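It should be emphasised that the depicted structure is a prediction, and the values quoted were computed from it without experimental measurement.
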Amino acid sequence: FYVIHKILAGLLDQHEMAGNDLALTVAVDMADFWATYIQDIIDVNGTARWHETLEVEFGGMQEVLTRLWSITGVSGHLRTANKFVKA
């Protein structure tokens, strides 16, 4: 998720600093894709398996998805961000 975090952060920078609305649209679409992907992992393999993933994947996704939520107000973005909190 390191690279995904960096791409999302760059898209949000483009939106906030350059007023690029397409960048926000792409960021929202990416966030929605990864929300579904993560939920599928949890549904198939369980929450414990997802938490194992977080042992090696952590950091920026929670921050960037929370940042996206602060821009969009879409509760699903915050819900996905919270899935990156290590239990």
Side-chain angles (χ1 to χ4, degrees):
F1 289 98
Y2 176 82
V3 173
I4 297 158
H5 157 245
K6 294 300 184 184
I7 293 169
L8 283 169
L11 289 166
L12 295 182
D13 287 347
Q14 276 296 305
H15 171 70
E16 292 180 326
M17 295 180 201
N20 187 330
D21 291 334
L22 180 58
L24 179 61
T25 299
V26 173
V28 167
D29 289 347
M30 283 183 67
D32 292 346
F33 171 85
W34 289 108
T36 300
Y37 178 86
I38 292 163
Q39 191 58 54
D40 287 348
I41 290 172
I42 293 169
D43 290 346
V44 171
N45 301 303
T47 303
R49 176 63 184 105
W50 174 246
H51 288 166
E52 288 175 16
T53 302
L54 295 180
E55 292 302 317
V56 294
E57 291 289 349
F58 54 89
M61 286 299 285
Q62 182 187 13
E63 179 271 330
V64 77
L65 290 168
T66 300
R67 184 174 161 203
L68 180 60
W69 166 75
S70 75
I71 295 168
T72 66
V74 174
S75 61
H77 298 148
L78 186 59
R79 229 179 353 266
T80 305
N82 289 333
K83 290 180 180 174
F84 283 89
V85 175
K86 289 185 181 182

Do [X] and [Y] have side chains that get closer than 4.5 Å, going by heavy atoms?
X	Y	value
H77	V28	yes
L24	N20	no
I71	E16	yes

Common cluster, F33/V74, ILVMFWY with side-chain heavy-atom separation under 4.5 Å: no
Hydrophobic cluster identity match, V64 and M17, side-chain contacts under 4.5 Å: no
Over all heavy atoms of both residues, which pair between L12 and A27 is shortest? Give the atoms and the distance, please. CD2-CB, 4.0 Å
Looking only at heavy atoms, what is the nearest atom pair of R67 and A9, with distance? NH1-O, 3.8 Å
Distance check, rounded to the nearest 0.5 Å: L68 atom CG versus E63 atom CD?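 Separation between the atoms: 10.5 Å.
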Atom pair CH2/CZ of W34 and F1 - distance to nearest 0.5 Å: 5.5 Å
Could you walk me through whether M61 and L8 satisfy the side-chain contact (heavy atoms from CB on, under 4.5 Å) test, starting with their C-alpha distance in whole Å, then the side-chain angles of each, then the deciding distance to 0.1 Å, before giving a yes or no? CA-CA 9 Å; M61 286 299 285; L8 283 169; 4.3 Å; yes
Could you work out the complete set of other residues in the hydrophobic cluster of W69, with links drawn between I, L, V, M, F, W and Y side chains under 4.5 Å apart? L78
Kindly list each side-chain donor-acceptor pair under 3.5 angstrom involving residues 36-49, sequence neighbours excluded, with atom names and distances?
from: T36; atom 1: OG1; to: D32; atom 2: O; distance (Å): 3.2
from: Q39; atom 1: OE1; to: K83; atom 2: NZ; distance (Å): 2.4
from: Q39; atom 1: NE2; to: D43; atom 2: OD1; distance (Å): 2.8
from: R49; atom 1: NH1; to: T53; atom 2: OG1; distance (Å): 3.3

